[in-house]
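Some notes on the structure that comes next.
Order of the sequence lines sets the chain letters (A, B, ...), proteins ahead of strands, with each chain counted from 1. As the structure is a prediction and not an experimental result, all values here were calculated from the model.
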Amino acid sequence: MSATVILGVIGSDAHAVGITILEQALSAAGFEVVNLGVQSSQSEFVSAAEAHEGDAVLVSSLYGHAEQDCRGFHETIEAADLDPLTYIGGNLSVGQEEFDRTRDRFREMGFDRVFDSETKPAEAIAALKADMNIAESEAERARLTS
Amino acid sequence: MSATVILGVIGSDAHAVGITILEQALSAAGFEVVNLGVQSSQSEFVSAAEAHEGDAVLVSSLYGHAEQDCRGFHETIEAADLDPLTYIGGNLSVGQEEFDRTRDRFREMGFDRVFDSETKPAEAIAALKADMNIAESEAERARLTS
Amino acid sequence: MLRDTRLSGEDLSRIDEKIRADWSVEEIDFEEAVAYHDSLPRSKQFARVLEDADRPLLQPRAGVPRLDDQITLLRHLEDAGRADLLPTTIDSYTRDNEYEKAQRGLEEARESGDDTLNGFPAVNHGVEGCRKLIESVDAPIEVRHGTPDARLLAAVTFAGGFQSFEGGPISYNIPYTKEHELAETIEHWQFVDRLAGAYTERGVTINREPFGPLTGTLVPPSIAIAVGLVEGMLAATQGVRSVTLGYGQVGNLVQDIAALRALRELGEEYLPDDVTVTTVFHEWMGGFPPDEARASGVIALGAATAAIAEPDKVITKSPQEFGGVPTKEANAEGLRTTRQLIDMMREQDITLDGVEREREFVEKSARSLMDTILELGDEDVAQGVVEAFETGKLDVPFAPSDSAESAVLPARDDDGRVRILQFGDLALDPDLRDVHTDRLDRRARAENRDRSFQMVADDVDAISEGRLIGRPGGEGA
Amino acid sequence: MLRDTRLSGEDLSRIDEKIRADWSVEEIDFEEAVAYHDSLPRSKQFARVLEDADRPLLQPRAGVPRLDDQITLLRHLEDAGRADLLPTTIDSYTRDNEYEKAQRGLEEARESGDDTLNGFPAVNHGVEGCRKLIESVDAPIEVRHGTPDARLLAAVTFAGGFQSFEGGPISYNIPYTKEHELAETIEHWQFVDRLAGAYTERGVTINREPFGPLTGTLVPPSIAIAVGLVEGMLAATQGVRSVTLGYGQVGNLVQDIAALRALRELGEEYLPDDVTVTTVFHEWMGGFPPDEARASGVIALGAATAAIAEPDKVITKSPQEFGGVPTKEANAEGLRTTRQLIDMMREQDITLDGVEREREFVEKSARSLMDTILELGDEDVAQGVVEAFETGKLDVPFAPSDSAESAVLPARDDDGRVRILQFGDLALDPDLRDVHTDRLDRRARAENRDRSFQMVADDVDAISEGRLIGRPGGEGA
């Protein structure tokens, strides 16, 4: 397995803790990871997906402006003739909106999966493997859920 | 000076900390103190005032039932042909009543002075001395207010 | 004549019949009650849960008159507060054995919805009511009260499925009432303990917990420990095999940790080998600041102390302590603040300088009191403790009871530890007294004033005013 | 070329003119500004109040866009929170030097009453607005922000009467932004510090405070200390004479006390003798529990740590930390909980085992980093620190900045102390690295798992989930 995952925090958000941990977790799970870091623009994501032949793009946002920052993102990806899996996770809504509604909105925008800020890396990894049809070894499963 | 003060907690109230401290403070300030302790009845106060020729009766109540416990108290004192100073202090009202209103009610019942639960012994002593025309020495004043 | 000997089965039956004449309760079938206890899941076996825990368990205080309200309250404390052990606090009328008045209060509460009683009248709810409560929550429940004569309460609640019972002949007499004879309350509690012992012999361990904080205000640790040891010994004589010795926070970290260690060690030493000794730490029982934020600070200091000292159980306070009975939400908040601190601190290896020295001092002082008690009673602890209180050789500060001299006056030293300012006739060896006096002299010098009762008065108010030590100059100092 | 040398008066004027071209602010008359500072009462002299205190002073965080609201907020924190020192937190647009956007936000706030800015846009309020704020409260106020290029902000706020200014070229760059060059932010802060120095030379001491917590998440103490020392040295070169070195609580009592001691001692050692060094302790800067009661527990542990370690200043948190910006009431509550604990504990003599050993370890580690920095810069700390970050020899975990390698990964050891799991190129001597690795191995064995990034992930979430150490098994463990 050597699926490539593009990872970054979108917009002017500078929260680095989450993607640092996610990068480590993805690497440990056997993915090739391209970490764009914080304050990454839509075009940086798209260029990286193109250059590294990314199989998945993981967008993180923790400062409440994800919707604005992601407007037109999937159109740009399509325009570049790419078709990666796209996930987004973090504090995605402003205020006290129910997460179910938030998820629906981001699914409509084109994201394949939407996660809240309590999501553990293991969940994202399990989702990636499921969506990419990568079999988990028993050992990996045990480690990830421990 | 050897004024005699009768001291006690009225009703079924068993809070002893306050009067223990007050007893000590009064003794140190030169008063003769008869401490009836907790759970003292009106008649115990009156008998003690009679037996010890009490110049003042200090009633303490901390459990919120002072008004019921003191009903008819001043009539009983008068009936015994006594005329001591009477003070009351503690948590005198139930609920959030303004202390000014509480004071008025107990003044109407016949108490010469009414104190809240934050009152320090020094205040009660200064009041007793004022009401009994006992001069405070400079030294005492310094000690009491220190 | 009062003796520390086990009541016979005949005594037990005779007294049981007599107390049930006080108030008509259904006939209690002991065998049936034992079978009921046997039917309870292991998670409701109080002694087992407490004794097997690998971390301090948290227990709040709570009691309201109506059964359904009490169930709602306890469930909230389990769910929102994650309480490990639950309480049921009994109302004042029941504490005075005024079951008729309690009944009226309960009926009024049922009719009006208002709580005219300040706790749960377990005798009036009867065995069936108690069992419904036990069955409605997951954790084990202790009976907490303040009843000098708790015989009927014990008979009903034990049969009702409760497996832990707070109090004792000294700790529920001296700090709570004025006119009960100590010899009498000891006799009454011999029945309670014998009943607990009878269940214990049938495999239903009833946990007994002397009330450690006593008057709750600056009680010197040696006095609290001596009272707990005496009550534990009296209970053990009657067949009790699970004793939780209590101690109330004084607020000095070193002294509180030392006192809890001394309590456990002396408990192991003075109580028979077949008694399992556990300890309970009460968060500050004195006056609280009239402000929830500052009250949370007081609670947190208790929690931090517990995290380091690791008692088996912690009785929590709520941030609404100043205002009397807290809402169930505030009660759960006190639990959660306490748990957060304990869970953040208990895995840390925290060792404080001076704890061992203070522990030795507390132990020596408690031994001095215990030696006197046993000597006065010619090795009979029941007779000895009555004699000791009569002569003031054992004494409790600020005690309302005529059975105590109440001549002891405590004050904090310059480090905030509770010392003794006035000894009365307290049976402390002269070298131990000298330590107290020296420490208070040091404080007096530091504050440039005489060692006097004014320190006591200042210390009593200090924590509610935002400090530990009542320094001259008051709040702004 | 970047050098750690004092800017000339000409440089100062030239830069001053240039930065004021960014946004039209009124001409600042330095002499008039000095006279204004001279007219302030002693109680508003920040450095004097801080340096003369005999107990830890408390300071909250707070900033809203409108002047009148900021006055109301600060007065509330003074009155209801009894804050000793006050803050004014600056909005994000100002931090990005987007004064036009800040102006629009301020005007919207004035029109609508809604706060569209997340802080006080001091540049837009101008010198007069700042002075009104200074005059409206009793305590001294510090400017707190997060601005990589804070030159104009400093010019306006210093002239506006503020006498304390948080931040520095590393601490307001590496944890806050992605693309600022470190060499550039050092140059910018040389101006800020030189301006503070100019006031200082005229008798108006401007206190400077490097931002100690950095990324706020499990930062190893040696890294935080090295960054603070470098920023303090850079400031001293420009004539700053009052430096407050900062450190953020990690939650292990021994390590936090040790780190604060090391910070003070190394500060005295590395900074010139004519600099007065003070210390500030930040209550936990990581994730908070989503529950005010548990959050109060986290705050209380910080307060207890401060009571024992006695830093000169404590930056408090509020129980609403989880939810973002707290209400002013919650902010005052955090102050009062903290004060109650500090005032109950600080008179107690509390000495913990192991603090000295940990302090030595922290000091050795910080020295190892400092030696490398000075060596890389050939004794020029400015050049050295740029080189150190470029090579990863100095590094900050979880840093968003491209100027840092961010290869260091921290994790807690079995006692809850923050150790280093992955070193990247961090310039720690091998024997020091071995200690970190040993300790984490011990934890790994205790948890029966590999030493791995999973520990980091678990530890980052632990406190918000109610524990200190992220043990396997999660919340219920």
Measuring only between side-chain heavy atoms, which start at C-beta, is Val456(D) closer than 4.5 Å to Gln24(A)?
no
Drop me the distance from Ile21(A)'s CD1 to Thr217(D)'s OG1, to the nearest 0.5 angstrom.
8.0 Å
Check the surroundings of atom CD in Glu78(A): do more than 12 heavy atoms from other residues, nucleotides or ligands lie under 6.0 Å from it?
no
With a 4.5 angstrom heavy-atom cut-off, could you sort out which part of Asp96(D) is near chain A: side chain, backbone, both or neither?
neither
Should we say atom OH of Tyr93(D) is surrounded by more than 12 heavy atoms from elsewhere, each under 6.0 Å from it?
no
Can you say whether Leu409(D) sits under 4.5 Å from chain A via the side chain, the backbone, both, or neither, judging by heavy atoms?
side chain
To the nearest 0.5 Å, tell me how far Ile19(A) CD1 sits from Phe398(D) CZ.
11.5 Å
Is the count of non-hydrogen atoms from other residues, nucleotides or ligands lying under 6.0 Å from Glu181(D) atom CD greater than 12?
no
dist Phe453(D):CZ -> Leu26(A):CG (nearest 0.5 Å) comes out at 8.5 Å
Backbone of Lys178(D) reached by a side-chain donor or acceptor of Gln39(A) within 3.5 Å
yes
